[in-house]
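In what follows, a single structure is set out as structure tokens and then discussed.
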Amino acid sequence: MSEINAIKLAKKKLGASLFESLELCFKSKENEGLKVNRDGKNVEIVYSEKCMLFRGLTLVKEHINEDKFSITLKKNFKHNGYMIDCSRNGVANIKTLKDVILTQALMGQDRLLLYTEDTYKLDKYPWFGYLRGGYSKEEIKELVAYGEEFGVELIPCIQTLGHLKRPLRWEPMIPLRDGETTLLADDEKVYEFIEEMIKFSRECFKSKDIHIGMDESTEMGLNRYLQFHKYTDRVELFSRHLDRVISICEKYNFKPMIWSDMYFRLNTENEEYYRNTPLPESTLKLIPEGVSLVYWDYYHNEEKTYDDMISYHKDAKRDIVFAGGAWRWKGFVPSIEGSMKNSIAAMSSCVKNGIKDVFVTAWGDNGNECSLVPTLPIIALYSCADYFGKIEEKDINSLLVAVCGDSLKDFLLMDLPDKPAGKFLCPQYNPHKYFLYQDPLNGIFDKQVKDEFVLNYKKYSPLLKEKAKTSKDFGYVYENLGLLCDCLEIKVDLGVKLRKFYKENKKQELKVLVNEDIPELIKRLDIFDKKIYEQWNKENKPFGFDVVDGRIGYVRNRLLTTIQVVNEYLNGSVDKIEELETEILPFNGHEDEISWNWWIQTCTVQDL
């Protein structure tokens with residue numbers, strides 16, 4: 001694809017008719033930043049990086065009603081990117097990724113990282129990524145070429161130590177395993193395996209940079225490793241393993257970066273990452289040269305935390321990359337508001353402390369149930385930090401409206417299913433997930449239900465569905481979140497009602513629940529399941545939907561069983577319902593609002 005066609009696609013997304021009366025002139029000049037000048041119908045866009053060309057087109061749209069203007073912007077970051085989790089069941093399809101690349105360019109981002117634990121294909125290891133929908137070399141090359149046209153560089157983002165539970169489950173892969181999720185350090189077969197990973201990346205990607213992971217690998221050196229070696233200081237073991245992987249990266253002309261947490265975790269008793277003291281000199285001297293440290297933080301809303309952690313990273317005298325988060329990894333519902341609060345603090349600190357490489361992550365923990373769409377406001381926020389050096393809602397809103405057609409206020413509607421009490425609590429708070437998935441008879445989250453929840457879900461549904469009608473590209477996301485609220489309107493207090501009516505011997509009310517409410521809930525759940533299936537296939541490869549489908553099916557079957565159990569009690573076949581005899585305790589002893597993202601411990605207390 002030529003640059004002319006790339007510009008044509010960009011104008012089409014922005015609204016081609018807006019540019020019909022304009023004479024556009026593009027000039028590439030080094031170190032000029034981005035300059036957009038308009039005088040009547042004549043528009044000149046001067047750019048020093050290709051992604052700036054497309055950000056310039058967006059600026060033209062943002063100021064389309066101004067007949068004359070001159071805007072000069074300088075980037076605060078050398079690189080500003082977006083990382084998509086393609087490993088937690090949802091593997092973004094090629095069309096989705098091309099849409100992402102175009103959107104990134106229009107917002108002025110220059111990097112896309114594909115987080116692939118085992119979702120790429122290694123010829124010598126057929127069990128690696130087996131049935132997981134991994135990318136082929138041809139698919140990656142196609143995306144790399146597409147990204148080049150828009151000034152968006154694709155970066156391989158893999159794992160070379162931990163987070164490899166899925167491939168390491170298979171018997172042919174066990175010789176490579178230390179613990180359940182971690183590779184066996186100091187083992188030559190493991191380094192042969194890692195070389196195949198990095199060789200694949202070199203054959204597909206043109207980037208000089210590669211992210212080799214290595215986070216949260218706290219099993220390292222504690223399991224099968226001890227069958228072959230004596231106990232080894234784990235900071236030394238980690239650094240030795242990293243040294244070997246760096247040498248492989250250098251062989252293939254890559255400069256590696258790693259998630260930095262292990263150097264911090266291995267220096268605290270409770271393996272905590274975020275701390276209020278610097279790393280000891282004994283650790284700093286073990287960090288190999290030639291590696292960049294990625295400080296990742298999605299949790300804090302105070303600049304000081306970021307300032308302190310950046311300072312501790314600077315002690316290592318290595319290049320620093322910052323990774324923040326667009327919270328979409330807690331179920332079907334995002335936390336745009338929470339992501340913004342934390343990202344404003346993070347980006348302000350990065351600008352102040354001279355961090356030059358940043359990217360925002362879109363993780364998909366525990367099933368990748370959420371669409372990628374709600375991450376767009378955070379990409380816009382990162383862009384504002386980059387080009388303006390400060391973050392104001394009006395600038396975020398302007399960028400979103402220009403590129404996406406929806407305002408920031410519109411996007412924030414997507415948070416509603418996690419505001420059953422009508423208020424924001426924290427990014428992690430995800431009541432929609434545990435209220436949807438918990439068992440109706442064994443309602444382990446019933447103590448978290450409040451009186452106003454039903455009314456709020458009833459109120460939220462039409463707000464989301466109304467927006468679905470007017471959204472240009474994202475109506476399906478608003479609609480599905482509205483359908484989720486429809487389900488939760490009945491489901492959220494179903495267990496509470498069942499137990500209350502049973503204990504008060506209100507058999508007529510129980511009949512209404514099993515003859516009217518639960519059948520209606522099943523109908524709504526079936527509609528939601530069908531629409532989520534469509535959403536999944538719109539954004540992802542088909543692999544991985546079996547998990548979401550199975551989870552919703554589990555709820556459906558338990559609702560059918562609940563009808564049967566209650567009817568047996570009502571017709572006298574049994575004299576009591578043992579599940580409803582049990583007094584429900586506050587979940588994990590907490591009476592207040594909680595966050596809980598693990599389906600397997602939400603649907604049942606039994607072994608699965």
Side-chain angles (χ1 to χ4, degrees), residues 88 165 180-181 216 218-219 261 265 268-274 297-301 325 327-335 337-338 342 363-370 415 417-454 456-457 484 487-488 491-500 502-503 547-548 550-552 554-555 558-559 562 577-608:
R88 270 45 175 253
K165 180 178 181 178
E180 186 181 24
T181 68
E216 299 178 325
T218 52
E219 293 181 318
D261 59 293
R265 293 182 193 279
T268 57
E269 289 184 13
N270 57 359
E271 296 181 341
E272 262 297 316
Y273 183 18
Y274 310 108
D297 195 336
Y298 331 124
Y299 304 101
H300 299 101
N301 57 21
W327 276 85
R328 61 172 290 272
W329 59 90
K330 59 186 188 119
F332 295 99
V333 182
S335 181
E337 184 176 352
N342 293 359
W363 294 108
D365 296 26
N366 200 243
N368 228 320
E369 294 154 320
C370 186
D415 286 358
D418 272 339
K419 294 182 177 181
K423 60 183 179 181
F424 168 77
L425 290 171
C426 67
Q428 298 95 315
Y429 185 50
N430 61 339
H432 84 276
K433 183 163 183 169
Y434 49 77
F435 288 142
L436 177 67
Y437 287 142
Q438 75 160 339
D439 190 86
L441 293 174
N442 303 298
I444 57 174
F445 294 91
D446 280 350
K447 285 289 186 182
Q448 268 64 44
V449 177
K450 303 291 190 298
D451 292 340
E452 66 269 27
F453 287 8
V454 172
N456 279 329
Y457 281 127
L484 174 61
C487 294
L488 291 168
K491 181 69 164 55
V492 67
D493 68 343
L494 177 60
V496 174
K497 287 179 177 176
L498 280 168
R499 190 165 266 96
K500 173 180 165 60
Y502 172 77
K503 291 193 172 181
V547 172
V548 178
R551 289 174 178 181
I552 296 172
Y554 190 101
V555 175
R558 288 301 296 160
L559 289 170
T562 299
I577 302 175
E578 291 198 36
E579 297 98 322
L580 299 182
E581 292 281 332
T582 304
E583 189 67 35
I584 295 298
L585 302 174
F587 186 79
N588 273 341
H590 299 289
E591 293 272 7
D592 54 355
E593 296 93 345
I594 60 163
S595 307
W596 194 256
N597 197 32
W598 305 109
W599 173 80
I600 205 165
Q601 295 159 325
T602 296
C603 64
T604 182
V605 299
Q606 313 302 333
D607 283 338
L608 277 180

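When reading the values below, keep in mind they use all heavy atoms of this one structure, side chains included, and skip hydrogens, waters and symmetry mates.
Residue-environment remark: CG (D592) exceeds the threshold of 12 foreign heavy atoms within 6.0 Å.
Judged by distance alone, with hydrogens and angles left aside, the side-chain atoms of D297 form a donor-acceptor pair with the main-chain N or O of Y299 at under 3.5 Å. D415 places no side-chain N or O within 3.5 Å of a backbone atom of V333 that could act as its donor or acceptor partner. The backbone N or O of C370 sits less than 3.5 Å from a side-chain atom of R328, completing a donor-acceptor pair. Side-chain atoms of W327 do not come within 3.5 Å of backbone N or O of C426 as any donor-acceptor pair. In terms of modelled atom types and a separation under 3.5 Å, the side chain of K447 and the main chain of F587 share no donor-acceptor contact.
With sequence neighbours left out, E583 forms a salt bridge (Lys or Arg N to Asp or Glu O under 4.0 Å) with K503. With sequence neighbours left out, Q448 forms a side chain to side chain donor-acceptor pair (under 3.5 Å) with no residue at all. Here Y502 pairs with E581 under the side chain to side chain donor-acceptor pair (under 3.5 Å) rule; sequence neighbours left out. The salt bridge (Lys or Arg N to Asp or Glu O under 4.0 Å) search around R551 returns E369, not counting sequence neighbours. Looking at residues two or more places apart in sequence or on another chain, you find no ring pair (Phe, Tyr, Trp, His ring centres under 6.0 Å) involving F424. Residues passing the side chain to side chain donor-acceptor pair (under 3.5 Å) test with N597, sequence neighbours excluded: K433. For the side chain to side chain donor-acceptor pair (under 3.5 Å) test, no residue two or more places apart in sequence or in another chain qualifies with E591. In this structure, E452 has no salt bridge (Lys or Arg N to Asp or Glu O under 4.0 Å) partners at least two apart in sequence or on a different chain. Legend: residues meeting ring pair (Phe, Tyr, Trp, His ring centres under 6.0 Å) with Y457, ordered by chain and number and at least two apart, are absent. When the ring pair (Phe, Tyr, Trp, His ring centres under 6.0 Å) test is applied to Y273, the partners found at least two apart in sequence or on another chain are F264, W296. Residues that satisfy the salt bridge (Lys or Arg N to Asp or Glu O under 4.0 Å) test with E180, not counting sequence neighbours, are K165.
Taking the six-membered ring where tryptophan is involved, the planes of Y274 and H300 are perpendicular, since the angle between them exceeds 60° and thus also 30°. Taking the six-membered ring for Trp and thresholds of 30 and 60 degrees, F332 and Y437 have ring planes inclined between 30 and 60 degrees apart.
Taking both residues in full, the closest heavy atoms of G422 and N456 are given as N-ND2, 3.7 Å, listed atom of the first, atom of the second, then distance. Closest approach of G367 and V548 over heavy atoms only: O-CG2, 4.0 Å. For the pair E579 and R499, the tightest heavy-atom approach, listed with the atom from each and the gap, is O-NH2, 2.8 Å. In this structure, L559 and P440 approach most closely via the heavy-atom pair CD2-CG, 4.1 Å. Nearest heavy atoms, D418 versus P334: OD2-O, 4.5 Å. Considering every non-hydrogen atom in both R558 and L441, the closest pair reads NH2-CD1, 3.8 Å.
Put simply, CG on N368 and CH2 on W329 are 11.5 Å apart, with the number rounded to the nearest 0.5 Å. Atom OH of Y434 sits about 7.0 Å away from atom CZ of F445, to the nearest 0.5 Å. For the atom pair NE2 of H590 and CG of L585, the computed distance is 13.0 Å after rounding to the nearest 0.5 Å. Distance check: E337 CD to L425 CG gives 9.5 Å after rounding to the nearest 0.5 Å.
The shortest side-chain heavy-atom distance between N430 and H432 falls under the 4.5 Å cut-off. In this structure, P427 and N342 have side chains that are in contact, with non-hydrogen atoms separated by less than 4.5 Å. Annotation: side chain of K330 is in contact with side chain of S335 (closest heavy-atom distance under 4.5 Å). A heavy-atom distance below 4.5 Å is not found between the side chains of I444 and D439.
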All N/O donor-acceptor pairs, side-chain side in residues 600-608, below 3.5 Å, sequence neighbours left out:
residue	atom	partner	partner atom	Å
T602	OG1	W598	O	2.8
T604	OG1	Q606	N	2.9

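No hydrogens or angles considered: nothing links the side chains of Y554 and W599 as a donor-acceptor pair under 3.5 Å.
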| field | Trace of the side-chain contact (heavy atoms from CB on, under 4.5 Å) decision for F435 with V449 | value | CA-CA 9 Å; F435 288 142; V449 177; 3.6 Å; yes
